[in-house]
Amino acid sequence: MKIDRIRNIGIAAHIDAGKTTLTERILFYTGRIHRMGEVHDGQATMDWMDQEKERGITITAAATYCQWRGHHINIIDTPGHVDFTVEVKRSLRVLDGLVVVFCGVGGVEPQSETVWHLADEFGVPRIAFVNKMDRAGASMDRVLEEMGERLGVRAVPIQLPLGAENGFIGVVDLLEMKALVWDRDPQGVEYRVTQVPDPLCGRAEVARDALIEALADVDDEVAERYLEGEEIPPETMRRAIRRATLERRLVPLMCGSALRNKGVQPLLDAVLDYLPSPLDVPPIEGINPATHEREIRRPLEKEPLAALVFKVMVEGGRKSVYLRVYSGVMREGKRVLNATANRKERVGNLFRVHAKRMEKVEAMGPGEIGAVTGMRWACTGDTLCQEDAPILLEQIRFPQPVISVAVEPSSPSEMERLEEALVLLEDEDPTFRYHRDQETEQMIISGMGELHLEVLAERLRRHYGLRFKTGRPQVELRETITRPVEVQEKVDRVLGEEEGVYLCAGVRLRLEPLERGKGLVIAEEVPDKSHIPKHREVMEAIAQAIQDTATSGVKAGYPVTDVRVTILDYEFDPGRSTEKAFAIAASLAFKKGLEEGGSVLLEPIMELEVLVPGENVGDVVGDLGSRGARIEGIIDRGAHQVIRAFVPLKSMFGYTTALRSLTKGRGTSTMQFHRFDHF
């Protein structure tokens, strides 16, 4: 497989924007499947889990692949619900390009923003696709405006819709100045290429001129022709759009209706024309764990193997590890090094993945995405590499849970089975946590939202046959400090009854409060102590002790966040100081700093959007006020209003039911985590 003919893309959107339906059409038109399944019927290829079929939403990122114009396209269909944003994040880590789907009616919705900012974080080039153009109230112009306002991005239409609402029949290609019409084949396989209808010619000319001007701003080739008054051929425009997309200076904007089978084939062409191959993105960088030097791996077979695990699934007792190969070749039966866990693993069977189906292959080369079985230790974020050429790729960082429930098994024997199942779920889902409450002896499970925990509880009941009750949801709090403080702690004693085993070390720290959302930051300002044996090991022991202690603060045992901890100095006694002693001294100093720094608790604050009919705005705003919400604005959207607010999570349990009652079932809401804060 030629690497320049590979495309690794994701399809992402706000819930119900139509991305799974779009993926289904892509698989049908590329010949990967022979019948289109529908999400509302529970027949979509990519929604293969029972919970996905029943709820009509995507819960887990599903991988597949297809062929188009001699290219191999790996596709990951990601969830749109905020509780499963982790699936989007870990998928983006291994993707080269992204198709972001916007609802033509809903526009830029909250999860659209989240996805967009995650793509910015990973530097992923994008194409935007305005879906549902056949719906009443759909507007490509409004989506374009909202992309500029809410995403701060320069999107440029390369198509115009042909017709509107029920009369939507196709698109106008602004590069070729042709109309693509789907009006004869109900399945959308065949479409006509015709002249642009006269009523649209003027608007199309204006839009094409605007596209050329936008390209001239960012591309020298187009700028030169434009200034000299030359006609810009379509192929020149395609090259310019590709360069601008790869550099993330422009976002091509397209439109269609996936459910009505219109506009999908041009989107596939755009994926090949404008999104990168593995050769178009910078070589992957990592750290050599032996030398601590930065190294790169180019997407070539002759390079040493480097692959990143981005997902783990356990089905029927079999563990499947999903990965992206960045360099070298991974072969069946070979041994590799898990550089993250510092363990050797054996590559069992290798597979290309098509939703739930696994298709066996003997090897995977650079740029390929697939799955492997037979690995014991591999977890999400781990690097797999060649034993004689170790490298650690940047790990994926995940948000901490914000909501918890108590789980009470029906019998003591069920508790043991429950713990075994929870270990497997935690392997799969990096945003899921569990622990046993020391006071109540209850098992506490934590996740990203009520739906997240509902889905996990269903899996425990169905897949593992467990019987249990769940308590009321409780919010997860965090701890921080309110003022800077410097502290010092020293330990100097004999360990236990053993003679000659000493704990002798001193550590001095400075703790400072940070802006909300900055997390725990550990820095160093230690004077030059390179002459001290194992200086680096001492610093690592201190930093690790701070991280470990920060998982449980001094006020109520919640994790510590938004604090900068600077290691200022340490005291070393030759012959008596050990790494364990420094860890104990650092832990004591950190706890002392929390106490003296005015430790306070923070609660999860959510960003809320409520779409309601105009006549219900007053009632809904009043209800939100009683829940402690801070209204940020109310936006007019035709017959409906969008209320935006920040609200404490603790007051929002059961809100969906309350909103239905206030609006007679016509109101909808979306809520996503904003940050931990006072409110």
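Predicted, not measured: the structure shown is a model, and the values here were computed from it.
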Trainee: Measure across Ala505 and Ala585 and return the closest heavy-atom pair with its distance rounded to 0.1 Å.
Mentor: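 Heavy-atom minimum between the residues: O-CB, 4.0 Å.
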
Trainee: With the side chain counted from C-beta on, respond yes when Leu422 and Leu460 share a heavy-atom pair under 4.5 Å apart, and no when they do not.
Mentor: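 Yes, their side chains come closer than 4.5 Å.
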
Trainee: Under a 4.0 Å threshold between the charged nitrogen and the carboxylate oxygen, would Glu476 count as salt-bridged to Arg433?
Mentor: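 Result for this pair is no, no salt bridge flagged.
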
Trainee: Should Lys469 and Glu414 count as an ion pair when the cut-off is N to O under 4.0 Å?
Mentor: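 Salt bridge between Lys469 and Glu414, a charged N being under 4.0 Å from a carboxylate O: no.
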
Trainee: Checking Asn338 against Val336 for the side chain to side chain contact (heavy atoms under 4.5 Å, CB included) test, could you report, in this order, the C-alpha distance in whole Å, the side-chain angles of both residues, the deciding distance, and whether it holds?
Mentor: CA-CA 7 Å; Asn338 183 332; Val336 297; over 6 Å; no

Trainee: So, Ser587 side chain and Ile584 main chain: donor-acceptor pair closer than 3.5 Å or not?
Mentor: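 No: the side chain of Ser587 does not pair with the backbone of Ile584.
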
Trainee: Would you kindly say whether Glu525 and Thr566 are connected by a side-chain donor-acceptor distance under 3.5 Å?
Mentor: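 There is no such pair (donor and acceptor under 3.5 Å, judged by atom type) between the side chains of Glu525 and Thr566.
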
Trainee: Checking Met606 against Met652 for the side chain to side chain contact (heavy atoms under 4.5 Å, CB included) test, could you report, in this order, the C-alpha distance in whole Å, the side-chain angles of both residues, the deciding distance, and whether it holds?
Mentor: CA-CA 9 Å; Met606 312 302 287; Met652 294 302 288; 5.5 Å; no

Trainee: Which atoms form the tightest heavy-atom contact between Phe676 and Pro401, and what is the distance?
Mentor: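 That closest heavy-atom pairing would be CZ-O, 4.2 Å.
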
Trainee: Just how far is it from atom CD of Glu408 to atom CE of Met415, taken to the nearest 0.5 Å?
Mentor: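 Spacing of CD (Glu408) from CE (Met415) equals 8.5 Å.
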
Trainee: As an exercise, state the distance from NZ of Lys555 to CD of Glu479, rounded to the nearest 0.5 Å.
Mentor: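 The CD atom of Glu479 is 7.0 Å from NZ of Lys555, to the nearest 0.5 Å.
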
Trainee: Would you say Gln395 and Thr340 are linked by a side-chain donor-acceptor pair, where the criterion is simply a distance under 3.5 Å?
Mentor: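 Gln395 and Thr340 do not have a side-chain donor-acceptor pair below 3.5 Å.
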
Trainee: Verify the neighbour count for atom CZ of Arg461: are there more than 12 heavy atoms of other residues, nucleotides or ligands below 6.0 Å?
Mentor: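 For Arg461, atom CZ is crowded (more than 12 foreign heavy atoms under 6.0 Å).
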
Trainee: Tell me, do Leu624 and Tyr655 make a side-chain contact under 4.5 Å, heavy atoms counted?
Mentor: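 Result yes, sub-4.5 Å side-chain heavy-atom pair found.
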
Trainee: Between Val491 and Ala581, which heavy-atom pair has the shortest distance, and what is it?
Mentor: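 Closest approach of Val491 to Ala581: CG2-O, 3.7 Å.
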
Trainee: Give the ring-plane orientation class for Tyr570 versus His535, where under 30° counts as parallel, over 60° as perpendicular and anything between as tilted.
Mentor: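 Geometry flag for His535 against Tyr570: parallel rings.
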
Trainee: Before giving the answer on side chain to side chain contact (heavy atoms under 4.5 Å, CB included), spell out for Arg93 and Leu393 the whole-Å C-alpha distance, their side-chain angles and the decisive distance to 0.1 Å.
Mentor: CA-CA 11 Å; Arg93 176 64 176 81; Leu393 304 180; 4.1 Å; yes

Trainee: Examine distances only and state if a side-chain atom of Arg417 and a backbone atom of Tyr464 form a donor-acceptor pair shorter than 3.5 Å.
Mentor: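 Side chain of Arg417 to backbone of Tyr464: a pair is present.
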
Trainee: Kindly check if the number of other-residue, nucleotide or ligand heavy atoms within 6.0 Å of CZ (Arg467) is above 12?
Mentor: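 Not more than 12 within 6.0 Å, no.
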
Trainee: Look up atom CD1 in Ile643 and atom OG in Ser669, then write down how far apart they are to the nearest 0.5 Å.
Mentor: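 That separation rounds to 10.5 Å.
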
Trainee: Step through the shown structure and confirm whether more than 12 heavy atoms of other residues, nucleotides or ligands are within 6.0 Å of CZ on Arg294.
Mentor: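 For Arg294, atom CZ is crowded (more than 12 foreign heavy atoms under 6.0 Å).
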
Trainee: Would you say that Pro484 contacts Arg510 through its side chain, given a criterion of any heavy-atom pair below 4.5 Å between the two side chains?
Mentor: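 No, side chains not in contact.
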
Trainee: So which atom in Val485 and which in Gly593 form the shortest heavy-atom distance, rounded to 0.1 Å?
Mentor: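 Smallest interatomic distance, heavy atoms only, reads CG1-O, 3.5 Å.
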
Trainee: Given Lys591 and Glu489, is the salt bridge (charged side-chain N to carboxylate O under 4.0 Å, His left out) satisfied, shown in steps?
Mentor: CA-CA 10 Å; Lys591 288 181 178 179; Glu489 280 291 335; over 6 Å; no

Trainee: Working to the nearest 0.5 angstrom, can you tell me the gap between Asp382 CG and Phe310 CZ?
Mentor: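 Answer rounded to 0.5 Å: 13.5 Å.
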
Trainee: Is any side-chain heavy atom of Thr380 closer than 4.5 Å to a side-chain heavy atom of Phe398?
Mentor: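 Yes, their side chains come closer than 4.5 Å.
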
Trainee: Give the intermediate values and the outcome of side chain to side chain donor-acceptor pair (under 3.5 Å) for residues Glu109 and Thr670.
Mentor: CA-CA 9 Å; Glu109 297 170 282; Thr670 56; over 6 Å; no

Trainee: If only atom types and distance count, is the side chain of Ser404 paired as donor or acceptor with the main-chain N or O of Ile444 below 3.5 Å?
Mentor: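 No, because the side chain of Ser404 does not come within donor-acceptor range (under 3.5 Å) of the backbone of Ile444.
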
Trainee: So for atom CZ, which belongs to Arg436, do other residues, nucleotides or ligands contribute more than 12 heavy atoms lying within a distance under 6.0 Å?
Mentor: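 More than 12 heavy atoms, drawn from other residues, nucleotides or ligands, come within 6.0 Å of this atom.
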
Trainee: Go through it in stages, so that I can follow the logic: the residues are Asp562 and Asp677, the test is side chain to side chain contact (heavy atoms under 4.5 Å, CB included), and I'd like the CA-CA distance, side-chain angles, deciding distance and then a yes or no.
Mentor: CA-CA 10 Å; Asp562 300 341; Asp677 207 344; over 6 Å; no

Trainee: Can you see which heavy atom on Met375 is nearest to which on Val321, and at what distance?
Mentor: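 Taking Met375 first and Val321 second, the nearest heavy atoms are CB-CG2, 4.2 Å.
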
Trainee: Under a 3.5 Å distance rule, please check whether Ser577 uses its side chain to pair with a backbone N or O of Cys504 as donor and acceptor.
Mentor: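 Answer holds: yes.
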
Trainee: Please indicate whether Asn342 has more than 12 foreign heavy atoms, meaning atoms of other residues, nucleotides or ligands, lying under 6.0 Å from its CG.
Mentor: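 At most 12 heavy atoms, drawn from other residues, nucleotides or ligands, come within 6.0 Å of this atom.
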
Trainee: Side-chain contact test, heavy atoms from C-beta onward, threshold under 4.5 Å: evaluate it for Arg516 versus His678 and give yes or no.
Mentor: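 Answer yes - side chains close enough.
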
Trainee: Is any side-chain heavy atom of Val423 less than 4.5 Å from a side-chain heavy atom of Tyr434?
Mentor: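 Yes, at least one pair of side-chain atoms sits under 4.5 Å.
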
Trainee: So if I apply the side chain to side chain contact (heavy atoms under 4.5 Å, CB included) rule between Ile546 and each of Ile567, Val507, Val563, which one comes out positive?
Mentor: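 The option that passes is Ile567.
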
Trainee: Is the count of non-hydrogen atoms from other residues, nucleotides or ligands lying under 6.0 Å from Lys529 atom NZ greater than 12?
Mentor: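 Atom NZ in Lys529 is packed in, count exceeds 12.
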
Trainee: Strictly below 4.0 Å, N to O, side chains only: are Glu345 and Lys319 in salt-bridge contact?
Mentor: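 A salt bridge is absent here (no side-chain N lies under 4.0 Å from a carboxylate O).
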
Trainee: Compare every heavy atom of Val402 with every heavy atom of Leu649, then report the nearest pair and how far apart it is.
Mentor: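 Looking at all heavy atoms of both residues, the closest pair is CD2-O, 3.5 Å.
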
Trainee: State whether Lys311 and Glu87 are salt-bridged, where the test is any N-O pair (Lys NZ or Arg NE/NH1/NH2 against Asp/Glu carboxylate O) under 4.0 Å.
Mentor: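 Yes, this pair counts.
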
Trainee: Please check if the side chain of Arg508 supplies one atom and the backbone of Asp569 the other of a donor-acceptor pair under 3.5 Å.
Mentor: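 Answer holds: no.
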
Trainee: Does a side-chain heavy-atom distance below 4.5 Å link Arg478 with Gln400?
Mentor: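 With C-beta onward as the side chain, the pair touches.
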
Trainee: What distance do Ile522 atom CD1 and Ile542 atom CD1 have between them, rounded to the nearest 0.5 Å?
Mentor: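 Taking CD1 in Ile522 and CD1 in Ile542, the distance rounds to 10.5 Å.
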
Trainee: About how many Å separate CD of Glu537 and CD of Glu579, when rounded to the nearest 0.5 Å?
Mentor: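 Taking CD in Glu579 and CD in Glu537, the distance rounds to 6.0 Å.
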
Trainee: Under a 3.5 Å distance rule, please check whether Arg483 uses its side chain to pair with a backbone N or O of Pro513 as donor and acceptor.
Mentor: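 No: the side chain of Arg483 does not pair with the backbone of Pro513.
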
Trainee: Assess whether a salt bridge exists between Arg459 and Glu428, defined as any Lys/Arg side-chain N lying under 4.0 Å from an Asp/Glu carboxylate O.
Mentor: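 Glu428 and Arg459: salt-bridged.
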
Trainee: Taking the side chain as C-beta and beyond, is there a heavy-atom pair between His452 and Ile403 under 4.5 Å?
Mentor: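 They are not in side-chain contact.
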
Trainee: Is Glu387 atom CD crowded by more than 12 heavy atoms from other residues, nucleotides or ligands, each under 6.0 Å away?
Mentor: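 Counting neighbours around CD of Glu387, more than 12 heavy atoms of other residues, nucleotides or ligands fall under 6.0 Å, so yes.
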
